[in-house]
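Just so it is clear: chains get the letters A, B, ... in the order the sequence lines come, proteins before strands, and each one is counted from 1.
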Protein chains: 2
Amino acid sequence: MRQPASSARAASSSAPGNVGDVRKANLARVLSVIAAAGEDQRFSRADIAQLSQLTKASVSSLVADLLAAGLVIEIGVHRDGERGRPSVGLILNPARCVIGMEINVDYIAAGLVDLSGKLLAHEILPRANHSATASEVLAALGELSQRLQAAALAQGLMILGGALAVPGLVDEERYTVLQAPNLGWERQDLDVAALLPGGRTRFRLFNEANASALAQQQLMDVQERDFLFVSGEVGIGGGLIIDAELFAGPRGHAGELGHVVIAPEGRACSCGGRGCLETIAGQEAILAAAGLGAVVDSASRQQRIQQLFQALEIGTEPAVSAVAEAGKSLGIAVASAMRLYDVSTVVFGGHFAALELWLRPALEASLRVHAPSIAGQARLLCSPLGQTGALVGAARSVVGDLLEAPHLLVE
Amino acid sequence: MRQPASSARAASSSAPGNVGDVRKANLARVLSVIAAAGEDQRFSRADIAQLSQLTKASVSSLVADLLAAGLVIEIGVHRDGERGRPSVGLILNPARCVIGMEINVDYIAAGLVDLSGKLLAHEILPRANHSATASEVLAALGELSQRLQAAALAQGLMILGGALAVPGLVDEERYTVLQAPNLGWERQDLDVAALLPGGRTRFRLFNEANASALAQQQLMDVQERDFLFVSGEVGIGGGLIIDAELFAGPRGHAGELGHVVIAPEGRACSCGGRGCLETIAGQEAILAAAGLGAVVDSASRQQRIQQLFQALEIGTEPAVSAVAEAGKSLGIAVASAMRLYDVSTVVFGGHFAALELWLRPALEASLRVHAPSIAGQARLLCSPLGQTGALVGAARSVVGDLLEAPHLLVE
DNA sequence: CCCATATAGTTCAGGGCATAAACTAAATGG
DNA sequence: CCATTTAGTTTATGCCCTGAACTATATGGG
């Protein structure tokens, strides 16, 4: 036989092919309808049949599998004074959850997120991670995770997976943090087993801004399927949601707004470049421009941030113009990003949200100058996400994976 | 019954659901294997079975449908001295094609592209489109299309669809050109029927840079699944290919590099902004900076471009530094775009490709200054695409649609 | 010339899955 | 207490892939 050229990629694609794959897809479809139910809304098999375009018979059979897998539970009999046999409500099993974790510069955190995306419990542990080694930090996180796992067990919760968000670039496939300058990490492989309970649980590794973007998505209108989340932390990160999905780019590093060039003749950046957004609107840059000196360690940074806010409240220079300058630059970067991504909603998180009062006027003015045609329809929001945002977003993504591939749990 | 909340989006998604959808997917899978065959390579049913992971029985049945639909033909008996029953080669039917069209500032063009993506015939008609009304231009294009349709008929070619590329923003869904400043078009609905033969043929409308990016993709290595195509025409457009697919963004306008802000305090741009890349590296900007005055009409532009090249050949100022300045700015924009998209390959087309000799040094230097960490691994290429690029890319995309949904033609 | 061998492609029984229609279950209301 | 209404299950049917048996058509050696 002639060599059938290795170029044919078709075989590797995971298109249906098998009749059994129809069932996989339909399990996911039924589950997605159940998951789409609102807070105090319960769909019955009959509802699901209508919403999913499947027949009642199929839905019954599919639901039976989901019940057996423990992904879904029947919840009482729903009676509301109407005629006919009462329907049986179906909801995502509230006793299944995913453990979300975050390592940031000043703290580590972990929490339990159920299949509806709700944070059931969490713990935030302040920690000067920059002045510790990676293995020390990971050991502390492992301990924190163990504690939460024990709490989950006590509540009768089963943990189906885990996720970790870190402030840096990651290789999700290999569970490797490629670089996290703000943590002082170079390249760090993760021992997933040390962070999670045994078993065949799913684990994912995220960039902090991407995870936050996913968390932000849950807070937005369902209509809002496209937005850019800009996270002002020690560095400036970004997470892009396109068509209601995270757009991470070929290697997972898309959305990084911090090194967009704002001032071609500007200051040198830690990335080796020149005039990056981070050199003007990064936390260190703002503090420096506000006359609050260089940051030595995380404790002193917290203090200086306090001082910055005090100065802003009073209206003292150069703090006010430092932030205004940051807003102006942020506006330029956002203008370019909105053009390149074709996105009209941008959500600001982290210190940008905290600085909104002083940042927004300059930001909006800058956007009007540099992109008047999109400034009018631009929606600029500030995120209410706190320190649990990233871990919730990361966990929620794993929940999404589980809900999209229920057949893996139905066996 | 309780109102089953309209929020459930699941029903609208086109997941399998039906056993019949397995067949649709498998028809596409088989066809994709056949399409993946190289120039003088022919897969047999047995080869396809192996490559597609389907059984010989299934492949035979699927191939029978594709043959009946006329998408595929059997081509002789392949004999090469080996034992066993000879295999029957299967190839995409060379007598099926799509008509690709382009409207640009200085010309209109149309061509026939077969299912393998090959340009079978084409015609380019120089025309000063800027100084004509949209309906005049469209009438001329309709005429050109008719001529090619007649030629196709004469050769026994059947036309399965069409595509049009224009230098401007489009609303693909509505077949509307939203704005094409370089054509002088404001908002223009297209009469698709006037451009295409009757029947239920598929039609798509593209931005020129996006279409060119699709054409460029065919020229690249199969491995190269992610790149940004930057098209230097009268304006500066961009087309982004991510994971071997066009990434057009929520409204189809992603990738537009022309209005990335390069010089915050720079010149006013036609978009209403300030300091956009186009104000420095656009065709008019380069000509002006080279001392070749403002462009009045397209004829004089062609002349001035000639003059520019003459000046560059000799090395005359200010032409050389005008182009170098453009290269520098282009480098800044590309650095930001590479960061935001997480792409490491950029292909330059249009006048950027023609100016490579004078543009590249400044571009590379600029990239090294502003993004040294990615400059090393960056691949900067120049595109050999000519005036047929956009029409071929647009047509090829329609071919791709047809090959991905063969069941529509199998009836 | 004939038959073993090898490969391509087809036929056919079997099983998984969704569908439609008939059927059972469990409520309301007069 | 029974007609009515809605929920959910059972059953016969057909589609589609699979695997194995089978047919078709070549090569090559005796």
Side-chain angles (χ1 to χ4, degrees), chain A residues 1-4 15-30 34 42-67 72 74-90 406-407 410-411, chain B residues 1-4 11 14-30 34 42-67 72 74-90 406-407 410-411:
Chain A
M1 197 186 91
R2 300 151 299 299
Q3 282 300 337
N18 204 316
V19 184
D21 297 334
V22 173
R23 185 137 190 109
K24 292 178 194 165
N26 283 342
L27 279 168
R29 187 194 279 232
V30 166
I34 294 173
R42 292 167 187 177
F43 289 136
S44 66
R45 289 170 175 77
D47 297 333
I48 296 167
Q50 228 182 353
L51 292 168
S52 67
Q53 311 270 46
L54 292 163
T55 61
K56 287 193 295 173
S58 302
V59 170
S60 275
S61 156
L62 291 159
V63 165
D65 281 5
L66 295 175
L67 285 168
V72 157
E74 291 186 326
I75 184 139
V77 173
H78 188 281
R79 310 193 58 252
D80 53 357
E82 288 181 17
R83 313 258 293 238
R85 171 174 168 176
S87 59
V88 179
L90 293 164
H407 64 274
V410 171
E411 95 247 12
Chain B
M1 195 187 93
R2 301 149 300 298
Q3 282 300 336
S14 65
N18 204 317
V19 183
D21 297 333
V22 172
R23 187 144 190 101
K24 292 179 194 165
N26 283 341
L27 279 169
R29 187 193 280 231
V30 167
I34 294 173
R42 292 167 188 178
F43 289 136
S44 66
R45 289 169 176 77
D47 297 334
I48 296 168
Q50 226 181 358
L51 292 168
S52 68
Q53 311 271 45
L54 293 163
T55 60
K56 286 194 295 172
S58 303
V59 170
S60 275
S61 156
L62 291 159
V63 165
D65 281 5
L66 295 175
L67 285 169
V72 157
E74 292 186 327
I75 183 136
V77 173
H78 189 282
R79 310 193 57 252
D80 52 357
E82 288 182 15
R83 311 262 292 239
R85 173 173 167 176
S87 58
V88 179
L90 294 163
H407 63 275
V410 171
E411 96 248 10

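Whole-Å rounding puts the B:E74 CD to C:dA8 C1' distance at 12 Å. In this entry the distance linking CG of B:D21 with C1' of D:dC17 reads 14 Å, nearest Å. Atom CD in A:Q50 sits about 12 Å away from atom P in D:dG8, given to the nearest Å. Look at NZ on B:K56: it is 11 Å from C1' on D:dA24, rounded to the nearest Å. Computed from coordinates, the B:L62 CG to D:dT18 P distance equals 9 Å when rounded to whole Å. The interatomic distance linking A:L54 (CG) with D:dG8 (C1') rounds to 15 Å, in whole Å. When the P atom of C:dT28 is taken as reference, atom CD of A:E82 falls 11 Å away, rounded to whole Å. Between the P atom of D:dG8 and the CZ atom of A:R42 lies a distance of 13 Å, rounded to the nearest Å.
Evaluation of atom-type donor-acceptor distances gives no pair under 3.5 Å for the side chain of A:R85 against the base of C:dA27.
Ion pair A:D65/A:R23 flagged as a salt bridge, since at least one NZ, NE, NH1 or NH2 atom sits closer than 4.0 Å to an Asp/Glu carboxylate oxygen. A salt bridge links B:R45 to B:E74: at least one charged side-chain nitrogen sits closer than 4.0 Å to a carboxylate oxygen.
Nucleotides of DNA chain C nearest to A:K24 and A:R83 differ in position, and the one nearer the 5' end is that of A:K24. Take the nearest nucleotide of DNA chain C for A:G84 and for A:R23: the residue whose nucleotide is more 5' is A:R23.
Side-chain contact check for A:N26 versus A:S58: every heavy-atom pair is 4.5 Å or farther apart.
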Under the side-chain contact (heavy atoms from CB on, under 4.5 Å) rule, what do B:D47 and B:S87 come out as? Steps first, then yes or no, please. CA-CA 9 Å; B:D47 297 334; B:S87 58; 5.5 Å; no

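Atom CG of A:L62 and atom CG of A:L67 lie 11.0 Å apart (nearest 0.5 Å).
Comparing D:dC17, C:dA18, C:dA20 against the side chain of A:A57 picks out C:dA20 as the nearest. In the set C:dC12, C:dA26, C:dG9, the nucleotide with an atom closest to the side chain of B:V88 is C:dG9. Comparing C:dT10, C:dC17, D:dG8 against the side chain of B:R45 picks out C:dT10 as the nearest.
Of the side-chain N and O atoms in B:N26, one or more sit less than 4.0 angstrom from OP1 or OP2 of D:dC17. Proximity of B:S87 to the phosphate of C:dA8: no side-chain N or O atom is located under 4.0 Å from OP1 or OP2. Look at A:S44 and you'll find a side-chain N or O under 4.0 angstrom from OP1 or OP2 of D:dG8. The phosphate of C:dG9 (OP1 or OP2) has no side-chain N or O of B:S60 nearer than 4.0 angstrom.
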